[in-house]
Structure formats: structure tokens, C-alpha cells
There are 2 protein chains.
Amino acid sequence: MDIQLKRGLLDVCVLSAIKGEASYGYKIIKDLGHCIELSESTLYTILKRLELAGLLTVEAVEHGGRLRKYYRITAEGTARIAEFKREWREVMSIYQFIMKGDEAL
Amino acid sequence: MDIQLKRGLLDVCVLSAIKGEASYGYKIIKDLGHCIELSESTLYTILKRLELAGLLTVEAVEHGGRLRKYYRITAEGTARIAEFKREWREVMSIYQFIMKGDEAL
DNA sequence: GCGTAATACATCGTATCACGAAGTATTAGA
DNA sequence: TCTAATACTTCGTGATACGATGTATTACGC
């Protein structure tokens with residue numbers, strides 16, 4: 001799918017992927033793979049950005065001799081999802097505009 | 001609204017604004033203003049990009065002593081809108097994923 | 001035992017793109 | 001006469017998705 005179209009969705013997708021329970025990079029990619037594909041470099045960039053913004057927290061955990069970073073959503077992160085939900089109404093009205101005059105919406 | 005969220009919409013919005021009849025920059029901004037705001041620098045950048053991509057054609061017309069560039073959608077431009085329509089199904093399924101587990105969708 | 005895939009995270013450079021700032025020019029109205 | 005509206009252009013910047021590449025360990029097939 002179009003990269004530009006993904007841009008506004010990715011951050012919130014990642015937040016949504018950890019909103020239930022803490023998760024880690026590799027798992028997030030697998031979980032999201034069903035509906036939206038993203039590369040590792042993209043994900044880790046996003047995770048770092050979201051951490052800096054305070055939307056999630058990180059906790060490194062030893063797992064089978066390997067390091068695993070668990071990401072947990074914060075209250076700000078949850079608020080971001082709620083904000084997205086509000087913005088979505090605007091997005092839909094733009095979609096309506098684009099489709100205006102088109103048969104079979 | 002969030003810039004990232006706008007990104008995937010802007011090009012198609014502009015195409016949609018000229019899909020009925022040819023229009024020019026200043027008018028497109030006014031027409032789109034109802035549902036999505038964009039600055040002049042943004043619009044003219046988009047118009048040039050869409051022209052280079054063959055999604056629209058330009059025709060300069062003298063109007064009241066001033067130059068006015070009329071933009072007209074091409075078959076490729078119309079196809080782009082149709083493609084967007086198809087992509088939108090994917091976007092909606094991503095939206096469903098984000099909202100999953102949320103009361104009151 | 002050995003090679004390969006899977007797991008797991010990180011960094012760098014690049015291309016795309018929306019936008020503010022600033023500029024040019026004309027016309028209409030206060 | 002000054003300002004606002006009309007109309008288009010260019011430049012620089014910051015944000016960001018991604019491919020390429022690198023590092024390490026574990027698990028599995030042969």
C-alpha cells in the first residue's frame with residue numbers, strides 16, 4: 001500500500017499493538033503483519049520516537065540469554081489513540097469529499 | 001489535523017478537486033479549504049508533482065491581465081483516484097485493528 | 001557437528017514531502 | 001494612496017519510512 005497513506009497510521013498502529021499487554025519489537029512486527037507491513041528499521045525508529053514522546057516505556061528483559069525490550073503503553077499513549085479516533089472523523093469527511101460524485105461508494 | 005495523516009490524502013484531494021472541471025491553484029485552495037487546509041507552497045508543489053507524474057495537464061490562460069494556470073485531470077489521474085478507492089479498504093481494516101477492543105467504535 | 005533460518009535489536013544514508021517564509025505582480029476597494 | 005485579495009514561484013527545513021548492513025544467539029535439519 002501507498003507509503004504516504006501509511007504514515008498517519010503507523011504510530012497509532014504500534015501503540016495499538018501494545019495497548020493490551022507489553023510487547024517487543026519482533027513480536028509487534030509479526031502481530032502487525034496481518035494488517036500492515038513494516039520493516040524492522042521502520043519499527044525501531046517508531047518505537048524510539050514514541051518513547052521520546054512519552055507515549056510508551058521500555059524495559060529490557062533477559063529472555064533465553066538474549067536481550068528483549070518490552071514496550072508498554074503510557075497514559076499519554078492511550079490518549080494519543082483517543083486523539084486519533086477524533087481525528088478520524090475529519091479523515092472520513094475528507095474521504096467523502098474525494099468520493100463525492102462517484103457512483104458506488 | 002496531523003500532518004502525517006494528511007499525507008496520503010492530499011494528492012488525491014487535489015485530483016478530486018479538478019476531476020469535475022479544470023481549476024486553478026488559488027481556486028483549488030479555496031475549494032479544499034472546507035474540508036482540508038493546505039498552504040500555497042504545498043499546493044503548488046503537489047500540482048507540479050502530479051503534472052510530472054502525468055496525472056494532470058496544465059494550460060496557462062490569460063485572465064484579467066494575469067496569468068492563470070488551469071489544471072485538468074488525465075485518465076491516469078482518474079485511475080489514481082480509483083486506486084485510492086481500492087486502497088481505502090485496506091486503510092479501513094487497519095483502522096479496525098487500531099480500534100479493536102475499543103468500546104463505542 | 002555444521003550450516004541455515006529464525007529470533008532480536010541497532011545504525012546509517014537516502015528520498016519524499018508538507019510547510020513557513022519570502023518574493024513578484026496585478027486588480028479592487030476603502 | 002494604502003491595503004487586501006488574487007495568483008503563482010522558489011528556497012530551506014524538519015519529519016520520516018525504508019533498504020542495506022551489522023551484531024548475536026538459539027533452534028533445527030542433515
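In the text below, chain A, chain B and the rest are named by the order of the sequence lines, each starting its count at 1.
- The interatomic distance linking K69(A) (NZ) with dT11(C) (C1') rounds to 13 Å, in whole Å.
- Between L67(A) and D11(B), the residue anchored closer to the 5' end of DNA chain C is L67(A), taking for each the nucleotide with the nearest heavy atom.
- In this structure, CD1 of I28(A) is placed 12 Å from C1' of dA8(C), rounded to the nearest angstrom.
- For S39(A) against dG19(D), no side-chain N or O and base N or O form a donor-acceptor pair under 3.5 Å.
- Counting only heavy atoms from C-beta on, K48(B) has its side chain closest to dT10(D) among dT10(D), dA18(C), dT9(D).
- Checked against dA10(C), dA17(D), dT7(C), the side chain of Q4(B) finds its nearest nucleotide in dA17(D).
- OP1 or OP2 of dC18(D) lies within a sub-4.0 Å distance of a side-chain N or O belonging to T42(A).
- Contact annotation: K6(B) reaches the phosphate of dC19(C) (side-chain N/O to OP1 or OP2, under 4.0 Å).
- Nearest to the side-chain atoms of Y26(A) among the listed nucleotides dC18(D), dA6(C), dA18(C) stands dA6(C).
- In this structure, the CD atom of E40(A) is 13 Å from the P atom of dC18(D), given to the nearest Å.
- Residues R7(A) and Q4(A) are in side-chain contact: their nearest non-hydrogen atoms beyond the backbone lie under 4.5 Å apart.
- I3(A) places its CD1 atom 7 Å from the C1' atom of dC18(D), with the value rounded to the nearest Å.
- In this structure, L47(A) places its CG atom 14 Å from C1' of dA17(D), rounding to the nearest Å.
- Distances shown here put a side-chain N or O of Y24(B) below 4.0 Å from the OP1 or OP2 atom of dA7(D).
- Atom CG in L52(B) sits roughly 14 Å away from atom C1' in dT16(C) (whole-Å rounding).
- Counted within 6.0 Å of CD on E21(B), heavy atoms from surrounding residues, nucleotides or ligands total 12 or fewer; the atom is thus considered open.
- Contact check, R49(A) against dT16(D): a side-chain N or O comes under 4.0 Å of OP1 or OP2.
- Taking only side-chain nitrogens and oxygens, Y44(A) never comes nearer than 4.0 Å to OP1 or OP2 of dA10(C).
- Each of dA7(D), dA8(C), dT16(C) was ranked by its minimum atom distance to the side chain of R7(A); first place goes to dT16(C).
- Other residues, nucleotides and ligands place no more than 12 heavy atoms under 6.0 Å from the CD atom of E37(B).
- Ion pairing between R80(B) and E83(B) holds under the 4.0 Å rule for side-chain N and carboxylate O.
- For K30(A), whose side chain is taken as the heavy atoms from C-beta onward, the closest listed nucleotide among dC9(C), dT7(C), dA17(D) is dT7(C).
- Residue I29(A) contributes atom CD1, which lies 9 Å from atom C1' of dA8(C) at whole-angstrom precision.
- When the P atom of dC19(C) is taken as reference, atom CG of L10(B) falls 6 Å away, rounded to whole Å.
- Looking only at distances, a side-chain donor or acceptor of K19(A) sits under 3.5 Å from a matching main-chain atom of I98(B).
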